[in-house]
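This is the structure I have questions about; it appears just below.
For reference, positions follow the sequence shown, starting with 1. Reckoned from all heavy atoms, side chains included, excluding hydrogens, waters and symmetry mates.
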Amino acid sequence: MKSIDKAMSALRLLVDSGGELRVGETSRHLKMTRGNASRLLASLARGGLLEQDPATQRYRAGILSVEIAASFHRNFDLVEEARKEMEDLARQTEHTVWLGVLSGTEVIVLKTVRGPQPIQFTVEPGHRLPAHAAAMGKALLALKSDQEIHALFAADPEPLTTQTKTSIDELLRDIAMTRMRGYAVSNQELFEGVKAISVGFEDPQKSMGAAISVSYPLFSIEKTGDQPIIDALLLFARSFGTRIGDKRWML
């Protein structure tokens, strides 16, 4: 089991490192000798999960990893279903649009689309965000019962900024507001100076949930406010939700 845990840690490090790994950094992060790190990466390469660039000696995702990712996306039709409409939403709001799914107490970013604003805030696909601080996380938690949310968070959430909700009761009050108004808000709770709004969806055929969010630096809305962004996101939600059969959004 320890070898499996190490392999999983190496694959997670690959994602967090931007898609490439060296033996040295694997050794440091996983607290193992260079020899063991080299053998671990070589073993993953033999299995197809990684491949090594002969010129740089760096490891990257192998063909089996690519096939697993492709299989996931085939089964998670919301990603492809949302692609064009995300592009339209990014053009309309002029800001970055994200799509993510819930994994425990984290949100995994699956897709980002940048808008035309010259200054953008974005997180690349594959990154994980704390659900209690991210707008997408709160939109997805709002699809669960309070009892389920309590079960997910064994302890109070960790602060990311001075605005982060750091108690379960505070988080539940915020999620109750999310259910009432139809969208979640993260106002500098994840990153200072950045606000995000998000809506959640459920695929009734596969019982899977996903969230779409728009993020923007606060200085970009000083003159106009963010109501036009909220209106555009809710219009997107009604159209997309109706198309995938999510009854909460059906017109």
- Query: With side chains defined as the heavy atoms from C-beta onward, is the minimum distance between T93 and I229 less than 4.5 Å?
  - Reply: yes
- Examine M177 and L171 and state if one hydrophobic cluster contains both, with Ile, Leu, Val, Met, Phe, Trp and Tyr joined whenever side-chain heavy atoms are less than 4.5 Å apart. no
- Note on the structure: Correct closest heavy-atom pair for S213 and S198 would be CB-CB, 3.5 Å
- Task: Please report the shortest heavy-atom distance between R179 and S145, naming the atom on each side.
- Result: NH2-C, 4.2 Å
- Message: Measuring from atom NZ of K31 to atom CG of N36, what distance do you get when rounded to the nearest 0.5 angstrom?
- Response: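 The CG atom of N36 is 15.0 Å from NZ of K31, to the nearest 0.5 Å.
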- Item | Chi angles and distances behind the side chain to side chain contact (heavy atoms under 4.5 Å, CB included) call for L235, L89 | CA-CA 10 Å; L235 188 64; L89 183 61; over 6 Å; no
- Spatial distance of atom NE2 (H29) from atom CZ (R12) [nearest 0.5 Å]: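 It is 13.0 Å, given to the nearest 0.5 Å.
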- Query: Between V113 and A90, what is the shortest heavy-atom contact and its length?
  - Reply: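 The answer is CG1-CB, 3.7 Å.
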- Side chains of P130 and E158: closer than 4.5 Å at any heavy-atom pair?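 When only atoms from C-beta onward are counted, E158 and P130 do not touch, as no gap falls below 4.5 Å.
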- Message: Within the 4.5 Å heavy-atom criterion, are Y59 and L14 side-chain neighbours or not?
- Response: no
- Item | Min side-chain heavy-atom separation R181-T178 under 4.5 Å |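 The answer is yes, as the side chains (C-beta and beyond) meet within the 4.5 Å cut-off.
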- Which atom names give the shortest non-hydrogen contact between A10 and L30, and what distance separates them? N-CD2, 4.0 Å
- Near R248 CZ, under 6.0 Å, is it more than 12 heavy atoms from other residues, nucleotides or ligands?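 More than 12 within 6.0 Å, yes.
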Determine all donor-acceptor pairs shorter than 3.5 Å in which one atom belongs to a side chain in residues 134-144; sequence neighbours excluded.
{"residue": "K138", "atom": "NZ", "partner": "D174", "partner atom": "OD2", "Å": "2.6"}
{"residue": "K138", "atom": "NZ", "partner": "V185", "partner atom": "O", "Å": "2.6"}
{"residue": "K138", "atom": "NZ", "partner": "E189", "partner atom": "OE1", "Å": "2.7"}
{"residue": "K138", "atom": "NZ", "partner": "E189", "partner atom": "OE2", "Å": "3.2"}

- Query: Once you round to the nearest 0.5 Å, how far does CG of L172 lie from CD1 of I168?
  - Reply: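 Taking CG in L172 and CD1 in I168, the distance rounds to 6.5 Å.
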- Item | Backbone N/O of V23 and side chain of S27: donor-acceptor pair under 3.5 Å | no
- Is there a donor-acceptor pair under 3.5 Å between the side chain of D246 and the backbone N or O of E202? yes
- Message: Parallel, tilted or perpendicular, judged at 30° and 60°: which one describes the rings of F201 and F236?
- Response: perpendicular
- Message: Please find the pair of heavy atoms, one from S220 and one from H95, that lie closest to each other, and give the distance.
- Response: OG-CE1, 3.2 Å
- Query: Considering residues at least two apart in sequence or located in another chain, which fulfil the side-chain hydrogen bond (donor to acceptor under 3.5 Å, both in side chains) criterion with Q147?
  - Reply: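 With sequence neighbours excluded, Q147 shows a side-chain hydrogen bond (donor to acceptor under 3.5 Å, both in side chains) to no residue whatsoever.
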- Is there a donor-acceptor pair under 3.5 Å between the side chain of W249 and the backbone N or O of G200?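 Indeed, once roles are kept as given, a pair shorter than 3.5 Å links the two residues.
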- Task: With the side chain counted from C-beta on, respond yes when I212 and M86 share a heavy-atom pair under 4.5 Å apart, and no when they do not.
- Result: yes
- Should Y216 and I197 count as side-chain neighbours, where that means a heavy-atom distance under 4.5 Å?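 Yes, close enough: below the 4.5 Å cut-off.
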- Over 12 foreign heavy atoms within 6.0 Å of CD, E170: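 For E170, atom CD is crowded (more than 12 foreign heavy atoms under 6.0 Å).
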- Item | T161 side-chain N/O to Q163 backbone N/O, donor-acceptor pair under 3.5 Å | yes
For residues 43-51, tabulate all N or O donor-acceptor pairs below 3.5 Å that involve a side-chain atom, not counting sequence neighbours.
{"residue": "E51", "atom": "OE2", "partner": "R60", "partner atom": "NE", "Å": "2.9"}
{"residue": "E51", "atom": "OE2", "partner": "R60", "partner atom": "NH2", "Å": "3.4"}

- Query: Do the charged groups of D88 and K84 touch, with an N to O distance under 4.0 Å?
  - Reply: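 A salt bridge is present here (some side-chain N lies under 4.0 Å from a carboxylate O).
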- Do the side chains of H132 and T105 get nearer than 4.5 Å, heavy atoms only? no
- Task: Nearest 0.5 Å please: distance from the CD1 atom of I108 over to the CZ atom of R128.
- Result: 4.0 Å
- Task: For the residue pair W98 and V107, establish whether any side-chain heavy-atom pair is separated by less than 4.5 Å.
- Result: no
- Please name the pair of heavy atoms, one in L99 and one in A82, separated by the smallest distance, quoted to 0.1 Å.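 L99 and A82 have their closest heavy atoms at CD1-CB, 3.7 Å.
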